[in-house]
Trainee: 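Input: one structure, supplied below.
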Amino acid sequence: CSMFRSKKETIDTMPVDRLYANAHDSLEHSDYAAAEKAYERLIARFPSGDINEQSQIELAYAQYKDNKPDDAYSTINRFIKTFPTHKHADYAYYLRGLINFDRTGGFIERYLSRGNSASTRRDQGFNLTAFDDFSQLTRRYPNSAYATDARQRMIFLRNQLAQFEINVAEYYLRTKSYIASADRAQYVIEHYQQSPQTADALAILTRSYIALDRQPLADQTRKVLALNYPDHPYLTDPNWPHHPSIWRKAIPFSGHH
Amino acid sequence: CGLVYTPDVQQGNLLDKKNVDQLQPGMTKRQVLVLLGTPSVISPFDQDRWDYVSTFSHRGKPMTKRTLTLTFNNDTLVRTEGDFFAQDAEQLLKDSKKYKANPTGDAEGDKNTSGKKDDDGGFGVGVSGSSDDSPASKRNQK
Amino acid sequence: AFEPFVVSDIRIDGLTRIAQGTVLSYLPIEKGETLSDDKAQAAIRALYQTKFFSDVELDRQGDILVIKVVERPAIAKLTLRGNKDIKEDDLRKGLKEIGLAEGETFDRLSLDRVQQELIRQYYNRGKYNVSVDPHVTRLDRNRVAIDIEIREGKAAKIKEINVIGNKAFTDKAIRDGFESNTTNWLSWYSKDDQYSREKLSGDLEKLSNYYMNRGYADFGIDSTQVAISPDKRAMYVDASVKEGEVYTVSDVKLLGELILPEETLRKLVFIHKGDTFNRGAIEASTDAIKGILANIGYAFAKVTPIPKLDKDKRTADLTLFIEPGKRVYVRRVVFQGNTRTEDEVLRREMRQLEGAWYSQGAIDRSKTRLQRLGYFKTVDIDKALVPGTVDQVDLTAKVEEQSAGSLMFGVGYSQYSGIILSASVSQNNFLGTGDRFSIAAETSTYYKRVNASYTNPYLTDSNIAIGYNLGYSKLDYGDTDLANYQYSTKSFETTVSIPITDFDNVSTSLGISSNLINTSIYTPSALVAYQNALGNRTIHSWTSSLGYSHDTRNSYWAPTRGGQLTASVSGALPGSTVQFYKLFGEANHYWPIGKGFVLYLDGQVGYGKTYGQTYDHDGYVINPDGTRGAQIYKKGDKIDFPFWENYYAGGVRDVRGFQDNTLGPRLCDGASSTREPDSKGRCTGGYYSYGQPVGGAFKVLGTAQVFLPLPFLKDVNTARVSWFVDVGNVYKDYSAFNASELRASTGLSLQWQAPIGPLIINFAVPFRKKDADSRFVERIQFTFGNTF
Amino acid sequence: CHSFKKENVEPPTPLDKKFEPTLKVDRVWKSSIGDGAAESGVRMRPVVSDGVLYAASTDGKIAAFDASTGKKLWSKSTRQHGWFGWGDSKREDARFSGGPGASGDLVAIGTLDGHLYGINAKDGERRWAAEVSSEVITAPVIVGDLVVIRCNDGRVYGIDGKTGERRWVYDQSQVPLLSLRGNGRLLVANGVVFFGSDAGKLVALRLDNGEKLWEQTLATGEGRTEIDRLSDADGALVLDGSTLYGSAYHGQLTAIDGPSGRPLWNHALSTFTSLDVRGNAVFGVDDVGQVVAYDKSGGANIWKQDALKYRWPTGPAAQGNYVVVGDLDGHIHWLDGSNGKIVARERLSKKAIRAQPLVVGDTVYVEDVEGHIGAYRIPAN
């Protein structure tokens, strides 16, 4: 009731340390909306000092957790611009990468579809941004605690991007647009050599060359494939990759891939 | 079967007869590029062999293929073999007719053309946050 | 004035908010370096560049470099008052870009720039009496609160637009298309008398076009003066023009690399020898030639018209110089914005393949096909040259997704049957895979319906689609005005549709259905008799259909060009209880008729017939006391068309102005009553005093609509208002057709694809109706959510 | 509903109700000429020559009145617009806007559609018609058999009074993109034509061939916005002996030695209306409506009257040792030339008076925007 209200300090009147404690406490109990409001008031009321800097990072984290990726991204960017040499700057870069890490593909699509086929079949814009942000982290702070995890995530993202290209190459192979499938496969070989998808790319490239009557090129590519990925399915089965048969696709909700 | 419509699949380069005739050995890769354009197939493992492949399959029928292969020896053209579809502009025009796209674009009545001229819009749009400090700097309008 | 010295240490005084490390990171000097004069200048400039400080001073204590700084205050609060024309969030976004936002450092110069920019923006809108006063109040802890007070004032009104030197055309003719105008009775709405420099320059462009399109090749605007009244509330515009003479085209030459034979290109030139000079026609010709070249791979073709004027003979010698540039290939097609739709769902609609030569026709067709999916608000495809190559282009298709699923509530209202409620969940783009899936449940006063359907449009890569439909519905026409009987049906069918060209496809379907009909004493006697003739209550039938459709419409929601042609034959195969077939044909087309108007014509014909079955006994009407009434059919006659498969006419999407399904033949109930209602539509002797509509086996419908370009609906491209004329009716069968029985109505209709479902509001006035229909007239029809 | 607050414009200072006139002014006659300037925003002014007053209006009417009695001697009218513009193309252009100039037996009048007409002073019959390049919104000046006319696009024409042929044209003056409505009146004196340009320059041309003699800047026209850069010299110039006085918007009141063009003194005064000289004072009105008087010799300020602030008063006209101004709702005020106190007030009509009153002898003629003309005289008691 209102009687208590007047006595209890609001976030507009609290001193800085109690306000920070209040905000941090909401963050701990994952009440992100309240945490966000409290941090914003703290930043506005106390525009200087370590607490302000710490609050800006935690504000970005709260917004990220509160499923507001765009706000979080602009907050963290402003922090990095204002405090480039802050002691937690490496965490800021790491958080910036995290924000876009798993944004590709809608939430339901990712939840329902098997594996991560959801995020390798949609607009790769966020994956690319996340990859760049993580690479900035590993370049500026190679031995930061977050760099190792960032490298793992970069590998995962690179494989996502490569798998996306492979999916498109498979589509063009299926619809007999062989030069398109060859170009896409070649794009994977040139840009994502270390990714496991290079094997599929080599296989698709070989099949495309065969279809285009470029036998010498096909043999050459097949030799490279056999050398590097001896147990790739294509080596044993010439019409890999297989696609669900027409009957299986006729069953509703059977998924298309 | 022929009844089911599968869109035509055209891939690769279309070359002009007069350009191909101007090819002679000894030309550098740059000169060939200017003359014939970018080849459609360059294997990642053999940079000295350029294939100007051209394939065409009409409504799912089997694909007709023609390839002009150029082999280079450290940047000079050594051998040319194979043939190519002589690019027949007239035929291409007939092909493009199948999409019934009228070249004069959509008439004024179309509501969903997105390229409408939007006006000055909000304050933010007009301002480019250029950082130069001179107040009288010319503000570049979008 | 420094003599250089080696800096042993750096100390910074005056820092409260900014961290020491941050300042050091911007300084171009480190410990141990010698500090020379220009290094000192560079340091000062670097620190100012950061915009953190209002004052920077370098000082020396022994070998320690001391930097005295005064921090700029931070902005605690930023309020804007009085801005009506420019919206708050645009304003805040603009201020943020200049660095004026809560939490940022405050710098007087950027505030001054904001003030200038705001004034310039308002001057552009003709508000010359604007005043922008920023008030800065100091707060504690080196913070400031900024309050920007804007008093916009009114836009200056144009009092006079005066064109001097126009002899050939009157002022009124020239200023017809102008956006700016002097104050007139419509100005309160169109605001055309509000001066804006942009509008004026656009109008002057129209003025010179007006002359150039009518032969005045060397027309020129000699000078334009814009004058403002001293109190800055009125504007006076005058332009003096030099008309020059009318020129005729003496020759049209096509030069440059033509690629296509000359006479093909000549067909696209809309201006010929002897015509009067017309810049509009020249521009149309250059666009047409560019369009056709873009269709065969020359994406960057340039066509420049070069007119040579012969002053004394007053002739213009026109040369169209064609530079096709290089033939261009598409290297990669990239989709952006499809966060929910799968890449393949978009890619399979593309008619422009990677690795193929660039074809503008294919790209336009792809854009139409993407738009016709109905998943996107906007689709834009633009091309960009691949860096480092001359003939490779990457296509980027930016799409803006719109919820293809819809939770639809059908709320129908009519004077008699009250509210009809229906709810359906449908997802046109199920999990982004492009499949269509929907479950619909509907309850209303007279029918209950549950329906589940699933369609996969791409069973194979060449767009062969397969669909399943499972339905259960129970209709009780009891307390509506329709023929009074109960009818419940359970059905299942699968449909396969095969494309035979890019625009046409053929579909066939096969299914089973069982219907249960029970009549009551209120059912029209003819229907009761018919039902007894068949002898059994439940009707089983093998349903199948064969359809053809041709669709060239250019958009899913609001087409403005192209049309649709569908023809189908469906029915119950031999072995069903009642063997019948129904032929149905519909054709419609959209024509943009200029200035935003779109004409739409649509025609439908439905014809049903039974086949291969005859009555095996004589049929009489049964009187209430059980005695035999009039005879209605003889042994050996062909069976009539089943009434529950009848076509209906009238309703929100049919002949507007009449209640749903109420046009066509009407029958009286009660055995002893007369079978047909009298001319006034009244029945005697039955329970109901009016004839109940029963539909019929032959239907004819035609509609003409003109979609109106209403200014306030300009950017909502899923809403349209149209003026319509509907004509149509339903007849017992083909032989009963007679044109005088056709009903017609006219009026206005609003169709809007609202976020949660389609909404239709019709204001209709039937102008051809019989008095028997007056009961079923429905002047206002309102359907929110599409009823199945 | 017309709220000054909404328009963000200063409200006009209200006149004090209990004003006791200390000077008796009697109205000699009152008449009207068509719709006057109507919406054209032109400051139209009658002209008096040999006791006859000529006036014109933008709706095609021109008339001559007996200056002392106001009786109409002759009047001509040409319909400008048919119903809904029907037949407009065939109508003869007579949208008179360059308030008539008269001398001897010739009256010259310019129109909004770029024509100049020579009319017989006796009966109003037209003698000749000449074409000019833009609208004429200031009065032509007739000197002997030469008519000098200035157009809105900055060009000045010398036209033969007998035949209407063009003798010379001066077209170097550039007009800024945005300028104030109105053009400065021409002043012709001993063979030289003086006028204020829209770019804030005072230009002197030779009367016989239109060549430029000299040019003097009255306003620099700098500033950040296009409004700050307005620098029109729209007020009429005044010649007193051999000294010329000119002023401009956002500019300087400058005294210049006529023959040589050498500036004598200048004093900051931003005005768009005309000046007048009487006795040892130069009278002007600044851009917020304060009537000011400066000492003719050194430019020191003698007095300043701000009772008419924001009432948009017209240029001052000296009548006897009084100064006459009109204001935005038809009031005419007489101020004492020596101390600027308001001594008399009359009301011509409810409409604004924009043109500088015309003083001939002991009578002052005032015209408002709707074409009402009033003649007032101060009885010599």
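Hydrogens, waters and symmetry mates play no part in the numbers below; they use all other heavy atoms, side chains included. Proteins come first, then strands; the chains are lettered A, B, ... in the order of their sequence lines, and each starts at number 1.
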Trainee: Mind checking which of residues 27-42 of chain B sit less than 4.5 Å from chain A, heavy atom to heavy atom?
Mentor: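 Result: S40(B), V41(B), I42(B).
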Trainee: Of all the residues in residues 184-193 of chain A, which have a heavy atom that comes within less than 4.5 Å of a heavy atom in chain B?
Mentor: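 Answer by number: Q186(A).
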Trainee: Say whether, by atom type as modelled, one donor and one acceptor occur between the side chain of Q220(A) and the main chain of D46(B) under 3.5 angstrom.
Mentor: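 Side chain of Q220(A) to backbone of D46(B): no pair is present.
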Trainee: I'd like to check the ring-ring contact (aromatic ring centres under 6.0 Å, His included) partners of F131(A); sequence neighbours left out, ordered by chain and number.
Mentor: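 Per chain and number, F131(A) pairs via ring-ring contact (aromatic ring centres under 6.0 Å, His included) with no residue.
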Trainee: Check G12(B) against I179(A) and note the closest heavy-atom contact, atom names and distance.
Mentor: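 Residues G12(B) and I179(A), closest heavy atoms: CA-CD1, 3.4 Å.
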Trainee: Report yes if some heavy atom in the side chain of Y178(A) is under 4.5 Å from a heavy atom in the side chain of T55(B); otherwise report no.
Mentor: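 Counting from C-beta outward, Y178(A) and T55(B) never come under 4.5 Å.
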Trainee: In residues 198-216 of chain A, which residues are in contact with chain B at a heavy-atom separation under 4.5 Å?
Mentor: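 The list, in residue order, reads L202(A), L205(A), Y209(A), A211(A), L212(A), D213(A), R214(A), P216(A).
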Trainee: Against chain A, label S57(B) side chain, backbone, both or neither, depending on which of its atoms sit under 4.5 Å from a heavy atom there.
Mentor: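 When you check distances to chain A, no heavy atom of S57(B) falls under 4.5 Å.
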Trainee: Side chain, backbone, both or neither: which part of V9(B) has a non-hydrogen atom closer than 4.5 Å to chain A?
Mentor: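 For V9(B), the side chain is the part near chain A, not the backbone.
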Trainee: As a quick check of understanding, evaluate side-chain contact (heavy atoms from CB on, under 4.5 Å) for T175(A) and T6(B), giving each step before the final call.
Mentor: CA-CA 9 Å; T175(A) 51; T6(B) 37; over 6 Å; no
